[in-house]
Amino acid sequence: QPMIGAHGRLGKISHLPVGRSSEHPTVRTCAAGHRDCISAYATVPSILRNADRHSMAEVLRAAEEADPQAADALHGAAEALGAVVAAVTNLIDPELIVITGESLEIVRSHREEVESAARVRLDPESALPQISMPPFAFTDYAWGAAVTSLHATV
């Protein structure tokens with residue numbers, strides 16, 4: 001059952017501040033001008049911008065070839081996703097977190113880093129929930145939009 005907010009919409013986590021570890025002090029800004037939010041690190045456009053590449057395939061290939069800028073872009077995305085996993089876990093204590101869409105490739109290639117970034121941010125009494133990574137197709141966006149639209153209409 002979706003939780004509808006006070007203004008009739010579902011909440012978003014895309015601009016949740018995540019910060020980076022002291023090992024990676026670079027500050028990134030998203031398209032909306034927010035500093036160090038998840039959108040500044042973990043969306044495809046931000047990864048491409050942070051890696052100075054034109055496609056995710058280029059970013060992944062460059063990172064495999066030890067390009068520091070591409071590697072840092074992927075590490076930043078993984079750390080941001082881990083920070084969001086921790087924030088959601090600390091807030092609502094879920095049993096399961098589903099990560100898919102744009103973030104799926106990052107979690108698959110940097111899962112340990114995502115989980116490590118989450119663990120260091122978790123409340124000491126919290127446990128890392130199971131992370132599920134179902135396959136993703138663009139039609140999933142359309143399905144989600146249709147369900148949201150129907151829910152708003154009914």
Side-chain angles (χ1 to χ4, degrees), residues 2-3 9-92 94-122 126-149 151:
M3 303 262 317
R9 65 179 188 87
L10 302 173
K12 291 183 177 181
I13 60 170
S14 56
H15 294 288
L16 180 72
V18 295
R20 295 274 318 260
S21 68
S22 58
E23 296 173 25
H24 304 281
T26 304
V27 173
R28 301 285 187 201
T29 305
C30 75
H34 301 136
R35 293 170 48 106
D36 279 344
C37 69
I38 190 163
S39 287
Y41 294 101
T43 64
V44 169
S46 66
I47 293 168
L48 298 180
R49 183 180 61 251
N50 296 341
D52 194 25
R53 295 289 191 267
H54 300 290
S55 71
M56 280 300 290
E58 282 183 52
V59 173
L60 295 169
R61 188 172 41 254
E64 285 177 11
E65 295 170 356
D67 176 78
Q69 191 171 359
D72 186 62
L74 293 175
H75 292 304
E79 190 171 0
L81 288 169
V84 169
V85 167
V88 169
T89 301
N90 290 335
L91 183 64
I92 62 172
E95 177 181 342
L96 171 73
I97 290 183
V98 177
I99 299 176
T100 191
E102 295 178 348
S103 303
L104 194 54
E105 242 179 304
I106 300 157
V107 178
R108 284 190 176 143
S109 64
H110 291 75
R111 185 175 184 129
E112 288 180 22
E113 193 168 350
V114 171
E115 290 178 359
S116 175
R119 281 191 187 94
V120 301
R121 291 168 170 87
L122 281 176
S126 294
L128 186 66
Q130 177 185 351
I131 296 175
S132 173
M133 298 179 294
F136 177 77
F138 184 78
T139 54
D140 293 338
Y141 279 134
W143 181 82
V147 169
T148 302
S149 177
H151 188 271

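Side-chain atoms are counted along with the backbone in the values below, which use heavy atoms only and exclude waters and symmetry mates. Quantities reported herein were computed from a predicted structural model and do not represent experimental measurements.
Side-chain N or O atoms of N90 include one that pairs as donor or acceptor with a backbone N or O of A86 at under 3.5 Å. The main-chain N or O of E112 is never found under 3.5 Å from a side-chain atom of S116 such that the two would form a donor-acceptor pair.
Rounding to the nearest 0.5 Å places CG of L74 at 6.5 Å from CD1 of I106. Rounding to the nearest 0.5 Å places CZ of R49 at 8.0 Å from OG1 of T29. The line from CD1 of I92 to CD1 of I97 is 7.0 Å long, rounded to the nearest 0.5 Å. Atoms CD1 and CD1, from I131 and I99 in turn, are 4.5 Å apart once rounded to the nearest 0.5 Å.
Remark: T100 pairs with L104, P134, F136 by the side-chain contact (heavy atoms from CB on, under 4.5 Å) rule, at least two apart or across chains. By the side-chain contact (heavy atoms from CB on, under 4.5 Å) test, T139 is found to be paired with A137, residues two or more places apart in sequence or in another chain being considered. Under the rule for a salt bridge (charged side-chain N to carboxylate O under 4.0 Å, His left out), the partners of R111 that lie at least two apart in sequence or sit in another chain are E115. Residues passing the salt bridge (charged side-chain N to carboxylate O under 4.0 Å, His left out) test with R35: none are found, sequence neighbours excluded. Scored by the side-chain contact (heavy atoms from CB on, under 4.5 Å) test, A66 finds no partners at all (sequence neighbours excluded). In terms of the side-chain hydrogen bond (donor to acceptor under 3.5 Å, both in side chains) criterion, S39 has no residue partners (sequence neighbours excluded). By the side-chain contact (heavy atoms from CB on, under 4.5 Å) test, A40 is found to be paired with R28, C30, C37, residues two or more places apart in sequence or in another chain being considered.
Closest heavy-atom contact between M133 and R108: O-NH2, 3.7 Å. Pairing each heavy atom of A127 with each of L122, the nearest pair is C-CD1, 4.0 Å. Of all non-hydrogen atoms in G76 and Y41, the two that sit nearest each other are O-CB, 3.7 Å. The nearest pair of heavy atoms linking A87 to L16 is CB-CD2, 3.6 Å. Heavy-atom minimum distance, A78 versus A117: O-CB, 4.4 Å.
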Practice item. Test side-chain contact (heavy atoms from CB on, under 4.5 Å) on E65 and R61 and set out the steps. Key: CA-CA 6 Å; E65 295 170 356; R61 188 172 41 254; 3.6 Å; yes

Exercise for review: Given salt bridge (Lys or Arg N to Asp or Glu O under 4.0 Å), test R121 with E79 step by step and report yes or no.
Suggested key: CA-CA 10 Å; R121 291 168 170 87; E79 190 171 0; 3.2 Å; yes

Review point. What's the verdict on side-chain contact (heavy atoms from CB on, under 4.5 Å) for V84 and V18, showing C-alpha distance, side-chain angles and the deciding distance?
Key: CA-CA 7 Å; V84 169; V18 295; 3.9 Å; yes

Throw together a table of side-chain donor-acceptor distances under 3.5 angstrom for residues 51-60, partners on residues two or more places apart or in other chains.
from	atom 1	to	atom 2	distance (Å)
S55	OG	E58	N	3.1

